[in-house]
Protein chains: 2
Amino acid sequence: MPPFRPPIGLLLTTTARTVSRAFDDALASVGGSAPVWQILISIKSRQLGNQRELAEAVGIQGATLTHHLNAMESGGLLTRRRDPANRRVHVVELTEEGERLFHRLREVAMAFDTRLRAGLSEEQTASFEEILTQLAQNIRD
Amino acid sequence: MPPFRPPIGLLLTTTARTVSRAFDDALASVGGSAPVWQILISIKSRQLGNQRELAEAVGIQGATLTHHLNAMESGGLLTRRRDPANRRVHVVELTEEGERLFHRLREVAMAFDTRLRAGLSEEQTASFEEILTQLAQNIRD
DNA sequence: ATCTAAGCGTTAGATGTCAAACGATTAGAC
DNA sequence: GTCTAATCGTTTGACATCTAACGCTTAGAT
């Protein structure tokens, strides 16, 4: 009889969902969310990217990004204007309020990461990252 | 200067999304989806559970389960009837077509798991599962 | 017996995501 | 120069998911 092997993917997605949910709750406590946080950090880390690159960096589709940018613009977190040099492109810039939210979320995100890593050694973390990379690689083939 | 630590949660959720997406695509190729597969396997492995337990096993909310069961019932995969002994309870049972879909999806799911595990040693798998469990534990505290 | 509380499932409304179609703009071919 | 193809972002329509509110049923208290 072959040994029973619980599917590796199930534990992966279940855990990821648990972690994502908790992260989202933590960000919500200071008025944010996971996609908003990822969008803010992507805007901050690369100045002057267009929306296509932004969506790529965040890991969502262009249509979904449009959705979030609409809400964030309505909420006064950022502005969009056409790039005079290429009027297909929207230049996205944070407002002061967007900057403030970024800093609040960063604190929450850093605290969350510390909490999440509790009890993991350097070796475990390295091994974990290696395996995750391998899994993604197995899918791409 | 402290060493830069990329957040462990980000790689986790990104990889999980990639894997989930590929799994869903594989199931879709034979007429299924991830939630449908999880519902089918849960029904098969435990006979006579109510919907609340079913939702718990699948890892979704009751309202979401209702949504899927509606679609699956419309599609002829299962039947729902009131339990005469407790008329609050819906007894969910697979039809023959539901059984057939279950077997098709099982083959696809097993093949996917094999593909996903490629290149992972027993030690790596064990370590991976241990770390995922630890992460979930860190969140629950 | 009745009344209250708890349990089960559904419905309604919101959010985040995607794919496909589209409108405007630019680049390249000729 | 014009025409065609590619690029950028938006809109539309769909789906999975959640929370909150609700309706029916059962269990428990008195």
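The model shown is predicted, which means the values in this text are computed figures rather than measured ones. The chains referred to below are lettered A, B, ... by the order of the sequence lines, with proteins before strands, and numbering in each begins at 1.
Among the protein residues, B:Leu65 comes within range of no part of the nucleic acid, since none of its heavy atoms lies under 4.0 Å from any strand. B:His67 comes within contact range of at least one nucleobase, with a heavy-atom separation under 4.0 Å.
Both A:Thr64 and A:Arg21 lie near DNA chain D, and the one whose nearest nucleotide falls closer to the 5' end is A:Thr64.
As rounded to whole Å, 12 Å separates atom C1' of D:dC18 from atom CZ of A:Arg17. Between A:Asp24 atom CG and C:dT15 atom P there is a gap of 13 Å when expressed in whole angstrom units. Distance CD (A:Gln61) to C1' (D:dT11): 15 Å, rounded to an integer number of Å.
Side-chain proximity of B:Arg88 to the nucleotides C:dA27, D:dC18, D:dT25 is greatest for D:dT25.
Interface remark: the A:Arg87 side chain does not form any donor-acceptor pair with the C:dT25 base, using a distance-only criterion of under 3.5 Å.
With hydrogens and angles disregarded, a donor-acceptor distance shorter than 3.5 Å links the side chain of B:Thr13 to the backbone of B:Gly9.
Other residues, nucleotides and ligands contribute more than 12 heavy atoms inside 6.0 Å of the CZ atom of B:Arg104.
Under 3.5 Å, the side chains of B:His90 and B:Arg81 contain no donor-acceptor pair of N or O atoms.
B:Phe102 and B:Trp37 have parallel rings, their planes meeting at less than 30° on a 0 to 90° scale where 60° marks the start of perpendicular.
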